[in-house]
Amino acid sequence: MEEQPLLSVRELVKHFRLPRRSLWRAPDVVRAVDGVSFDISRGKTLGLVGESGCGKTTTGRTILQLMRATAGEVHFKGEDLCLLNDTEMRPFRNGMQIIFQDPYASLDPRMTIGKAIAEPLMIHKLCQTREEARDRVQGLMERVGLNPYFINRYPHEFSGGQRQRIGIARALAVDPDFIVLDEPVSSLDVSIQAQILNLLQDLQDELELTYLFIAHDLRVVRHISDRIAVMYLGLIVEMAQGVEIYDEPLHPYTQALLSAVPWTDPRLARKHQRIVLEGEVSSAINPPSGCRFHPRCPIAEDRCRNESPQLREVQPEHWVACHLA
Ligand code: SF4
């Protein structure tokens, strides 16, 4: 029997209504996420990739119910989280965590890192005594590669990579099943990026964690993702097994994203010759008709301006939203 996915997202929509600019005009609506669907099995990683403003971070936060969906379903451990109120959501909060791009912003500069990591343990009453919390924190610090001797130091005393390790320890404190990694290595040097990615992979293997890995760079998610979904203006335009996306991208936007990566692997560098996209990403307030990518697509046809392409399975497990794929 096929295993149930740990997380199932169906037709997820998140719109933001902007303040009315005049009494006579309807308020503008930002269509940040406009009908996104995917599954993630336990212990697997889905890489969610796209340019800034495409809706990937909003997708992650809406799944975690940090912002409520406008429509759609998020099934996690058998419940549709979108139907739960804040009290009903509480038992699910521990199971779902987020790691941010800049852990410094989410750490209180006046709190020692020991207290910062212990905070979720105390809030959720996972430790009865301070000694127990201290042991647990030291164990978590060791697990993420931080010296427990530094338990009484403050966030500013650590490097960017170490601060990201603190963020990871804090997220792990409540034993989550699912973690949204929101650009977790984007602000780090390449050598430190590799260390953090290796740590995340080791933790996944050891604890059977399930990840949604959000990134703007297809290179970053290459080794850690089992599947990759590419987003453009609130929609998934291509989704496939990681290897397939890199070897045989079918959507012109994915091809352009791959061509923008400075590959060190000569095979990939030869394969993805530079494609320069014309123009800017259109506005999510008034997205283009038909295919949302058509104003920038180098192979757009008349049909693309009027007909919106559906995400369809063109090869086993390879989904593309393009009339010409
Ligand atoms: Fe380009 Fe048309 Fe395909 Fe959209 S549907 S990606 S405009 S070819």
Side-chain angles (χ1 to χ4, degrees), residues 9-15 29-39 46-59 71-72 213-222 225 227-263 268-325:
V9 177
R10 289 289 169 272
E11 290 301 323
L12 190 69
V13 174
K14 179 65 189 174
H15 291 174
V29 174
V30 180
R31 301 158 74 108
V33 180
D34 222 4
V36 160
S37 301
F38 55 77
D39 292 336
L46 176 74
L48 189 60
V49 184
E51 286 163 290
S52 123
C54 70
K56 51 195 193 305
T57 291
T58 306
T59 301
F213 195 120
I214 294 170
H216 61 271
D217 182 344
L218 269 159
R219 192 177 35 173
V220 166
V221 291
R222 181 164 169 229
S225 302
R227 282 193 312 145
I228 291 183
V230 178
M231 267 188 98
Y232 187 79
L233 265 187
L235 297 171
I236 290 181
V237 295
E238 182 159 10
M239 183 159 57
Q241 301 292 328
V243 187
E244 247 185 271
I245 286 271
Y246 295 93
D247 280 350
E248 203 186 344
L250 295 178
H251 196 283
Y253 179 60
T254 315
Q255 291 165 355
L257 278 186
L258 283 164
S259 81
V261 174
W263 295 106
L268 288 172
R270 263 196 313 277
K271 202 175 191 63
H272 303 299
Q273 298 286 319
R274 188 84 175 102
I275 303 169
V276 179
L277 290 179
E278 301 285 326
E280 295 291 316
V281 184
S282 306
S283 161
I285 294 177
N286 194 8
S289 60
C291 173
R292 291 185 179 185
F293 185 57
H294 85 251
R296 301 173 79 196
C297 181
I299 55 166
E301 297 182 340
D302 279 350
R303 175 184 177 197
C304 306
R305 289 175 249 286
N306 309 312
E307 264 177 61
S308 173
Q310 297 303 306
L311 191 67
R312 59 201 167 88
E313 194 172 15
V314 294
Q315 288 167 19
E317 295 297 314
H318 194 152
W319 299 73
V320 188
C322 171
H323 294 310
L324 306 187

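Counting starts at 1 for both ligands and their atoms, following the listed order.
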### Task
Could you see which bit of Cys322 sits under 4.0 Å from ligand 1, with heavy atoms only: side chain, backbone, both or neither?
both
### Query
Can you list the atoms of ligand 1 that are under 4.0 Å from a heavy atom of Leu324?
8 (S)
### Summary
Short version for Arg303: what comes under 4.0 Å of ligand 1, heavy atoms counted, is neither
### Query
Any side-chain heavy atom of Cys54 sitting closer than 4.5 Å to one from Met231?
yes
### Task
Please work out whether the ring planes of Phe293 and His251 are parallel, tilted or perpendicular, with thresholds of 30° and 60°.
tilted
### Per-atom contacts of ligand 1 with Cys304, taking only distances under 4.0 Å to non-hydrogen atoms
2 (Fe), 5 (S), 7 (S), 8 (S)
### Query
In ligand 1, which numbered atoms sit nearer than 4.0 Å to a non-hydrogen atom of His251?
6 (S)
#### Entry: Basic-acidic side-chain contact under 4.0 Å: Arg10, Asp39
yes
### Task
Flag His323 as yes if one of its N/O/S atoms falls below 2.8 Å of atom 1 (Fe) of ligand 1, otherwise no.
no
### Task
Output the list of atoms in ligand 1 that are nearer than 4.0 Å to some heavy atom of Cys297, sorted by atom number.
1 (Fe), 6 (S), 7 (S), 8 (S)
### Message
Could you check whether any side-chain heavy atom of Pro288 comes within less than 4.5 Å of a side-chain heavy atom of Leu233, counting everything from C-beta outward?
### Response
yes
### Query
Are the side chain of Tyr253 and the backbone N or O of Gly50 linked by a donor-acceptor pair below 3.5 Å?
no
### Message
For atom 4 (Fe) of ligand 1, what's the nearest protein heavy-atom neighbour? Residue, atom name and distance, please.
### Response
Cys291 SG, 2.4 Å
### Query
Considering the options Glu248, Glu238, Gln241, which one meets the side chain to side chain donor-acceptor pair (under 3.5 Å) requirement together with His318?
Glu238
### Query
Would you find a donor on one side and an acceptor on the other, under 3.5 Å apart, between the side chain of His323 and the backbone of Glu301?
no
### Message
Under a 4.0 angstrom heavy-atom cut-off, which atoms of ligand 1 come close to Pro252?
### Response
6 (S)
